[in-house]
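Okay, so here's the structure we're looking at.
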Amino acid sequence: MDWMYLLMVIFLFMLAVFDLYVGVSNDAVNFLNSAIGARVAKFRTIVAVAAIGVFLGATMSDGMMDIARHGIMQPQYFSFSEVMVVFLAVITTDIVLIDTFNTLGMPTSTTVSMIFNLLGASSAVAMVKMLHGGGLPYAEYINTDKVLEVILGIFLSVAIAFVFGMIIQWVVRMLFTFKYAQHLKWKIGLFGGVAVTSIVYFMVFKGMKNMPIMTPEMLDYVDSHAMTVLACSFVVFTVLMQILYILKVNVFKVIILLGTFALALAFAGNDLVNFMGVPLAGYSSYMDFMANGGDNATGYMMNSLNGPANTPIIFLIGAGAVMVFALSTSEKARNVTKTQVGLSSQQEGEEMFGSSRIARSLVRGASNISRAIGRVTPAPVQSYINRRFAPIATRDDAAYDLVRASVNLVVAALLIALGTSLKLPLSTTYVTFMVAMGASLADRAWSRESAVFRVTGVLTVIAGWFITAGIAFVCCFTVCLIMYFGKLPAIILLMALTIAVVIRSQKRFHKHQLEKQHGDVLFYEMMHCQDRDEVLRMLRKHIAVSTAEQIKSDSQALLELTDGLARENLHDIRSTKQRLHSQKAELKNLRRRETICLKRSRPEEVIRLSTPFHLIHNSLGQLRYGLLRIADPVLEHVDNHFSPVPSDLLAEYIPLRDRLVELCAVMAEQLKSLLPSRREQILAECDEIVKRIQDFRQHLVTAELQSSDGDYTSTALLLHIAEETQQYALQLQELYTNCQDFQG
């Protein structure tokens with residue numbers, strides 16, 4: 001059976017490549033966001049700087065691998081066959097879990113994922129051993145202290161990072177203001193000295209302390225002379241930054257790129273264990289097992305895993321290469337980065353998250369506190385603070401300016417270094433994300449128009465972090481049991497399934513991104529365009545296209561609801577109603593985006609076009625509500641198994657509906673293609689349809705409802721549908737008229 005365990009090791013390394021790819025896609029948010037958000041350089045330049053840090057950190061990383069070997073489980077109580085099943089379960093679950101978060105654009109902690117995967121798999125095997133008379137309690141199999149440290153780290157990371165990010169950003173903004181170019185002079189040297197000293201301190205204590213180049217003697221010297229080293233560094237870097245400023249070098253860009261490099265270096269040096277620790281532990285276990293005979297996999301206990309890791313350099317170089325490749329090519333890395341940049345942007349734009357009750361309560365409470373503080377703050381003080389925080393347009397339409405990007409990196413680096421020196425298990429992901437959120441709040445980036453959406457987004461991301469731990473434990477526990485009892489067939493099946501899921505996810509994500517980019521390209525062009533006349537031209541096209549798509553979507557819903565009633569197809573009616581409800585949020589977001597773009601036009605055009613603009617969106621909303629007023633009674637009728645609508649009455653209604661749907665297609669084509677207006681012809685056709693529906697309603701009232709032998713419930717339902725259809729046609733007529741007015 002030696003070949004089976006060799007196959008397991010090969011599987012581990014194959015899956016490790018996938019894990020590295022999806023893991024870097026998730027953790028790219030930690031070190032790319034500040035540079036990307038501030039547009040400090042071209043994207044490929046930022047990635048190149050980060051890639052150098054990632055590669056160096058990976059190739060010099062070794063000391064952190066021990067956590068996968070004996071950080072969670074006590075390997076001396078597990079046999080070789082058992083640890084191999086544990087490692088395989090961990091790597092498969094971790095890949096699918098992290099890839100799912102990447103697809104959703106949600107940054108999560110790969111450290112928490114790995115640790116709780118290890119905990120789940122180890123617990124599964126430990127419980128099996130206990131049920132089979134293993135003779136040891138659960139606490140002997142599992143290192144529970146480490147798990148508690150991770151949970152503590154979650155709470156500490158979230159609270160500490162947010163508060164410090166908010167306070168320091170407020171102080172720095174008071175110092176520099178948004179017009180920071182006018183307030184540099186001597187300040188930039190001091191700020192640059194503090195920032196670069198902090199980053200270098202972070203690189204030494206967090207990014208390089210476990211690397212082979214840092215000998216114990218060097219670390220002891222730095223520890224014992226920390227204040228001297230920091231003081232000398234501060235003086236040197238302060239002078240250097242002031243000289244660079246005099247030489248017309250942008251010191252903020254230097255700080256941001258150096259901070260990006262430092263965080264990338266620390267990430268690869270410390271978090272590589274999250275992706276390679278488990279496969280390397282499996283490889284080490286296999287080599288130890290084969291070196292000691294390799295004939296009793298179920299009886300050979302893995303005491304060797306209690307020793308330090310001794311990773312071959314070729315594996316570290318290979319891991320660094322894969323990480324650089326992932327960083328350079330992964331679309332999901334950009335998707336995760338987009339979440340944090342969007343939530344901390346100084347500008348209004350497309351909000352990725354909706355509104356939640358908790359967020360509304362928090363924003364309302366914060367507003368009340370702010371007003372209370374304002375009432376006791378002297379007016380001159382308020383006026384002075386408001387002047388310091390008076391916003392200006394960001395450079396190159398960046399999400400935020402260089403000052404905030406620098407604070408994001410420096411505060412994150414300081415907190416992570418401080419946590420490391422105090423042996424607090426702070427999460428890199430949690431710290432970087434929450435520092436950015438705290439800084440954006442202090443910078444007044446969350447306006448009253450966007451605060452609820454952004455608080456909802458932050459709460460959603462934080463909830464995802466906590467959910468990660470639970471999902472990882474439960475899923476890995478289950479997968480480990482399947483592998484343990486299913487043996488090789490189950491292992492091979494799950495390996496193949498994992499790879500298939502990731503490949504399919506990549507394809508679907510790529511397709512979704514192409515569709516999304518196609519749909520959003522006009523909006524992003526408008527947000528970055530400085531020509532007000534050109535913005536209006538693009539907005540007219542955007543409204544024409546979006547309205548056409550809404551008309552086609554709504555007419556399809558009308559078809560599905562009425563056909564579902566005719567065929568008594570409950571599934572189609574339910575799915576259509578659910579889709580209509582979900583599209584309400586999309587319609588609200590569409591209105592918000594187009595309103596933002598309208599405000600970027602010339603003031604006189606905004607005044608002239610505001611009435612038809614709002615009437616267009618009111619009509620779209622009324623069309624959607626009209627369809628829901630049809631969906632509710634139709635669903636109730638079919639769900640309660642009432643008598644079907646008479647076929648002769650449906651035969652009169654269906655042609656009228658089809659004629660209206662055909663008219664919707666003509667309207668949509670006219671709007672979308674910007675063809676010469678057929679306004680009079682289309683409106684005349686709409687009038688004709690309204691008249692015929694009115695005649696049909698009259699027939700239902702006078703002939704059918706008055707009949708003693710007719711089905712009152714079914715006829716009344718059809719009368720309601722006819723009334724709503726007539727109202728739908730009238731609203732469609734008004735929508736088309738307002739669209740034409742807006743285009744003119």
Side-chain angles (χ1 to χ4, degrees), residues 8-30 58 64-65 67-69 71-73 83-104 106-125 146-147 150 154 267-268 270-283 319 322-323 326 330 332-333 336 427-429 464-484 491 494-506:
M8 284 181 163
V9 174
I10 294 173
F11 273 144
L12 279 173
F13 278 103
M14 287 175 56
L15 294 177
V17 174
F18 282 95
D19 202 23
L20 272 171
Y21 193 88
V22 299
V24 172
S25 299
N26 183 278
D27 282 0
V29 69
N30 296 337
M64 293 295 290
M65 296 298 173
I67 190 171
R69 297 163 62 90
I72 301 300
M73 64 179 176
V83 298
M84 291 303 291
V85 170
V86 167
F87 292 151
L88 281 169
V90 168
I91 197 78
T92 54
T93 307
D94 193 61
I95 289 172
V96 175
L97 181 62
I98 299 300
D99 185 68
T100 301
F101 273 91
N102 291 347
T103 302
L104 296 173
M106 302 285 285
T108 191
S109 172
T110 52
T111 303
V112 170
S113 176
M114 182 202 68
I115 287 178
F116 278 89
N117 279 324
L118 272 170
L119 179 63
S122 303
S123 297
V125 174
K146 187 64 179 180
V147 178
V150 172
I154 293 175
F267 152 74
N270 291 273
D271 288 2
L272 183 62
V273 62
N274 300 337
F275 321 117
M276 288 298 294
V278 168
L280 289 173
Y283 171 77
V322 172
M323 294 168 86
S330 175
K332 293 187 178 182
V336 176
S427 166
T428 306
T429 300
W465 295 342
F466 289 96
I467 291 170
T468 299
I471 293 177
F473 181 88
V474 173
C475 291
C476 202
F477 185 95
T478 305
V479 169
C480 187
L481 288 180
I482 294 172
M483 289 183 172
Y484 186 89
I491 290 172
L494 286 172
M495 298 298 103
L497 183 62
T498 300
I499 295 174
V501 166
V502 174
I503 293 175
R504 183 170 179 267
S505 171
Q506 292 288 338

Check your understanding: Between atom OH of Tyr484 and atom CD1 of Ile491, what is the distance when rounded to the nearest 0.5 Å?
Key -> 11.5 Å
Point to revise | Taking every non-hydrogen atom, the tightest pair across Ser123 and Phe473 | key: OG-CE1, 3.7 Å
Check your understanding: If you take all heavy atoms of Met73 and Ser122, which pair is closest and at what distance?
Key -> CB-OG, 3.5 Å
Point to revise | Criterion side-chain contact (heavy atoms from CB on, under 4.5 Å) on Phe13 and Leu280, from CA distance to verdict | key: CA-CA 8 Å; Phe13 278 103; Leu280 289 173; 4.1 Å; yes
Point to revise | Met483 and Met495: CA distance, side-chain angles, deciding distance, side-chain contact (heavy atoms from CB on, under 4.5 Å) verdict | key: CA-CA 10 Å; Met483 289 183 172; Met495 298 298 103; 3.1 Å; yes
Exercise for review: I would like to know whether Ile91 and Phe87 meet side-chain contact (heavy atoms from CB on, under 4.5 Å); could you show each step before the answer?
Suggested key: CA-CA 6 Å; Ile91 197 78; Phe87 292 151; over 6 Å; no
Review point. Is Met84 close to Leu12 at the side-chain level, that is, under 4.5 Å between some pair of heavy atoms?
Key: yes
Revision key, fill the gap. Output for pair (Cys476 SG, Leu119 CG), nearest 0.5 Å, gives 9.5 Å
Point to revise | Leu97 versus Ala472, closest heavy-atom pair with distance | key: CD2-CB, 3.7 Å
Review point. Taking atom CG of Asp94 and atom CD1 of Ile115, what is their separation to the nearest 0.5 Å?
Key: 11.0 Å
Study note, to complete from the structure: Heavy atoms of Val90 and Ala121 approach each other most closely as CG2-CB, 4.0 Å
